[in-house]
Number of protein chains: 2
Amino acid sequence: MTDPIAEACPIVEVLDHVAGKWSIGIIVAAADGPVRFTELERQVEGISRRMLTLNLRKLERDGLLIRTVYPTVPPRVEYSLTDMARELYTSLTGLLGWAERHRGSIAQARAAYDAGKTPAAV
Amino acid sequence: MTDPIAEACPIVEVLDHVAGKWSIGIIVAAADGPVRFTELERQVEGISRRMLTLNLRKLERDGLLIRTVYPTVPPRVEYSLTDMARELYTSLTGLLGWAERHRGSIAQARAAYDAGKTPAAV
DNA sequence: CGGTATCCTAAGAGATACTG
DNA sequence: CAGTATCTCTTAGGATACCG
């Protein structure tokens, strides 16, 4: 089975974890150095505390994030990317770049598509 | 705002459409030529008819797929990638490659993570 | 500060019968 | 063949109060 489609299927599981709405934001936010929980909460805009925690755990479990706890008086927890995640970040930026370049076209395509459907409410 | 995080946020919307569990499979399946509905139903394994339709519409709306209907006696509908989508496919293969290279490590990381948590049920 | 725990709503997703 | 319509169940996700 060198068939790319057959290969893709289980991989999509992996991608599902990695390319999730929030995962990408978290990875990007952690890309340039260790980040603390509250920093993430601020930087990954729109995320709720719950979702942040869940995604953080998921990424940690998948071996993409390292969670370091400093047992100081005000607790300090830092998240940093593993090498694997850094490599992913590279691929991600490709995707990010694509999205950036084409989001205008996508918005236009949507508008055009909708224009051809909705007003047909004869 | 050259801040990559701030930039990433609206883009994630785009990615959300494009990097969805099924979208990737569909794009990959359509990458090497026009594909028919039933072909997709078979190739994107595990997808339900409903989800296939919904995702197909979504991708068409975003200007990533072109839907061509041949008004023949048995209806024939073909889906093919737009140039934009082909470009995306390139970025996607990068991600796919990453996932392929690391899924073993990810599985291991998961096992290790779980091993350190679950048996602690003292 | 860095989370859990809890509650609730909306969206995602499967199955499948029906239709032009 | 290529969908649509429906029904149902499971998650994703938001809000927020509380705790070590």
Side-chain angles (χ1 to χ4, degrees), chain A residues 9-10 12-13 15-26 29-30 34-62 65-80 113 116-118 120-121, chain B residues 9-10 12-26 29-30 33-62 65-80 113 116-118 120-121:
Chain A
C9 286
V12 170
E13 251 183 67
L15 288 181
D16 210 31
H17 278 216
V18 135
K21 188 174 169 187
W22 300 122
S23 308
I24 297 176
I26 292 172
V35 194
R36 300 181 59 174
F37 188 88
T38 341
E39 274 183 82
L40 284 167
E41 208 173 352
R42 272 179 291 120
Q43 296 200 326
V44 183
E45 213 150 341
I47 197 169
S48 67
R49 198 166 278 198
R50 189 178 110 90
M51 279 299 112
L52 179 55
T53 305
L54 287 178
N55 278 278
L56 245 23
R57 291 289 172 278
K58 192 173 67 182
L59 292 173
E60 189 196 352
R61 186 167 107 103
D62 285 354
L65 281 184
I66 298 169
R67 178 171 178 270
T68 316
V69 184
Y70 299 94
T72 54
V73 184
R76 178 191 190 82
V77 181
E78 284 184 352
Y79 293 91
S80 50
Y113 184 91
K117 305 281 169 179
T118 327
Chain B
C9 285
V12 170
E13 250 183 68
V14 176
L15 287 181
D16 211 30
H17 278 216
V18 134
K21 188 174 169 186
W22 301 121
S23 309
I24 297 177
I26 293 171
V35 193
R36 300 181 59 176
F37 189 87
T38 341
E39 274 182 82
L40 284 168
E41 206 173 353
R42 274 180 289 120
Q43 296 202 328
V44 184
E45 214 151 339
I47 197 169
S48 68
R49 199 165 279 197
R50 190 179 110 90
M51 277 301 112
L52 179 55
T53 304
L54 287 179
N55 277 278
L56 246 21
R57 292 287 172 278
K58 192 175 66 181
L59 291 173
E60 190 196 352
R61 186 167 108 101
D62 285 352
L65 281 183
I66 297 168
R67 179 171 178 269
T68 316
V69 183
Y70 300 93
T72 55
V73 184
R76 178 191 190 81
V77 181
E78 284 185 351
Y79 294 91
S80 50
Y113 184 91
K117 305 282 166 176
T118 326

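The shown structure was predicted, so the numbers you read here are calculated from the model rather than taken from an experiment. Below, read A as the first sequence line, B as the second, and so on, with proteins coming before strands; counting in each chain starts at 1.
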Counting only side-chain nitrogens and oxygens, does [X] get under 4.0 Å of the OP1 or OP2 atom of [N]?
X     : N      : answer
B:Y79 : D:dC1  : no
A:R49 : D:dG14 : no
B:R50 : D:dC7  : no

What nucleotide among [options] has an atom nearest to a side-chain atom of [X]?
X     : options              : value
B:R36 : D:dG14, C:dG3, D:dC1 : D:dC1
A:T53 : C:dT4, D:dA2, D:dT4  : C:dT4
B:V77 : D:dG3, C:dT4, C:dG2  : D:dG3

Identify the heavy atoms of B:Y79 and B:A30 that sit nearest to each other, and give their distance.
-> O-CB, 4.4 Å

dist B:Q43:CD -> B:T38:OG1 (nearest 0.5 Å) comes out at 11.0 Å

Euclidean distance, A:L65 CG relative to A:R57 CZ, rounded to 0.5 Å |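 Between atom CZ of A:R57 and atom CG of A:L65 there are 10.0 Å.
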
Check the distance between [N]'s [atom2] and [X]'s [atom1] and give it to me in whole angstrom.
X     : N      : atom1 : atom2 : result
B:E78 : D:dC1  : CD    : P     : 14 Å
B:E60 : D:dG3  : CD    : C1'   : 13 Å
B:E39 : D:dA2  : CD    : C1'   : 13 Å
B:E41 : C:dA15 : CD    : P     : 12 Å
A:L52 : C:dG2  : CG    : C1'   : 10 Å
B:L40 : D:dA2  : CG    : P     : 9 Å
B:R67 : D:dA2  : CZ    : C1'   : 8 Å
B:M51 : D:dA5  : CE    : C1'   : 13 Å

Result of checking A:L15, A:L59, A:V18, A:D62 against A:S23 for side-chain contact (heavy atoms from CB on, under 4.5 Å) = A:L59

Going by the side-chain contact (heavy atoms from CB on, under 4.5 Å) test, name the single residue among A:V35, A:I26, A:N55, A:I24 that passes it with A:V44.
->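 When side-chain contact (heavy atoms from CB on, under 4.5 Å) is applied between A:V44 and each of A:V35, A:I26, A:N55, A:I24, only A:I26 qualifies.
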
If you pin B:T38 and A:S48 to their nearest nucleotides in DNA chain D, which one's is more 5'?
->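 Result of the comparison: B:T38.
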
Does A:R76 or B:P75 map to a spot on DNA chain C nearer the 5' end, using the closest nucleotide for each?
-> A:R76

